[in-house]
Amino acid sequence: QVQLVESGGGLVQAGDSLRLSCAASGRTFSNWAMAWFRQAPGKERQFVAAVSWTGGYTDYSDFVKGRFTISRDNAKKTVSLQIDSLKPEDTAVYYCAADPDLYYSGGYPKKAEYAYEYWGQGTQVTVSS
């Protein structure tokens, strides 16, 4: 059974940094493409960042480039999202997601929600101005 558990969220001030983590269960974590999405109040969930199963390829939404860094540790079965220079508009619930099929189908991690089969319950990030 696959479980994804996010942690690291909280209430911070604009300009602060946070490191979100996602701990995964499952024997083949090292084969999964992983991603972070976020959902702000009253808005649809949106893609934030993705990383390939080796960690060698990453992709980001334009609005986070330069401030967010996604990384993974396959030995620890974790994926992290470092967020620097937080802005009030970064306030959202942040979700990690896993795509176990990309390893077999090939290609690059997707930005679309439908590509990700497993989801965590999310961690709240609130940024005050």
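Remember, predicted model here, so these are calculated numbers, not experimental data.
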**Asked** Which residue pairs pass the side-chain hydrogen bond (donor to acceptor under 3.5 Å, both in side chains) test with at least one member in residues 75-86, sequence neighbours excluded?
**Response** S17-D84, R19-Q82, Q82-D84

**Item:** Other ILVMFWY residues reachable from F68 by side-chain steps of under 4.5 Å
**Value:** V2, L4, V12, L18, L20, F29, W32, M34, W36, V48, V51, Y60, F63, V64, I70, V79, L81, I83, L86, Y94, Y118, V125, V127

**F37: partners by ring pair (Phe, Tyr, Trp, His ring centres under 6.0 Å), with sequence neighbours left out** = F47, Y116, W119

**Request:** Measure from the side-chain N and O atoms of R72 to the backbone N and O of A33, and report whether any donor-acceptor pair falls under 3.5 Å.
**Result:** no

**Asked** Nearest heavy-atom pair of A50 and P109: which atoms, and what distance?
**Response** CB-CB, 3.6 Å

**Asked** Going from OH on Y104 to CG on D99, what distance comes out if it is rounded to the nearest 0.5 angstrom?
**Response** 11.0 Å

**Request:** Give a yes or no answer on whether the side chain of E117 reaches the backbone of A98 with a donor-acceptor pair at less than 3.5 Å.
**Result:** no

**Set of residues satisfying side-chain contact (heavy atoms from CB on, under 4.5 Å) with respect to E44, sequence neighbours excluded** = none

**Request:** Can you measure from CD (E6) to SG (C22) and round to the nearest 0.5 angstrom?
**Result:** 5.0 Å

**Request:** Taking all non-hydrogen atoms of both residues into account, name the closest pair between N31 and W53 and its distance.
**Result:** C-CB, 3.6 Å

**Asked** For E89, which residues count as a side-chain contact (heavy atoms from CB on, under 4.5 Å) partner, sequence neighbours excluded?
**Response** K87

**Message:** Rounded to the nearest 0.5 Å, what separates atom CZ in R45 from atom CZ in R38?
**Reply:** 13.5 Å

**Item:** T126: side-chain hydrogen bond (donor to acceptor under 3.5 Å, both in side chains) partners, not counting sequence neighbours
**Value:** Q124

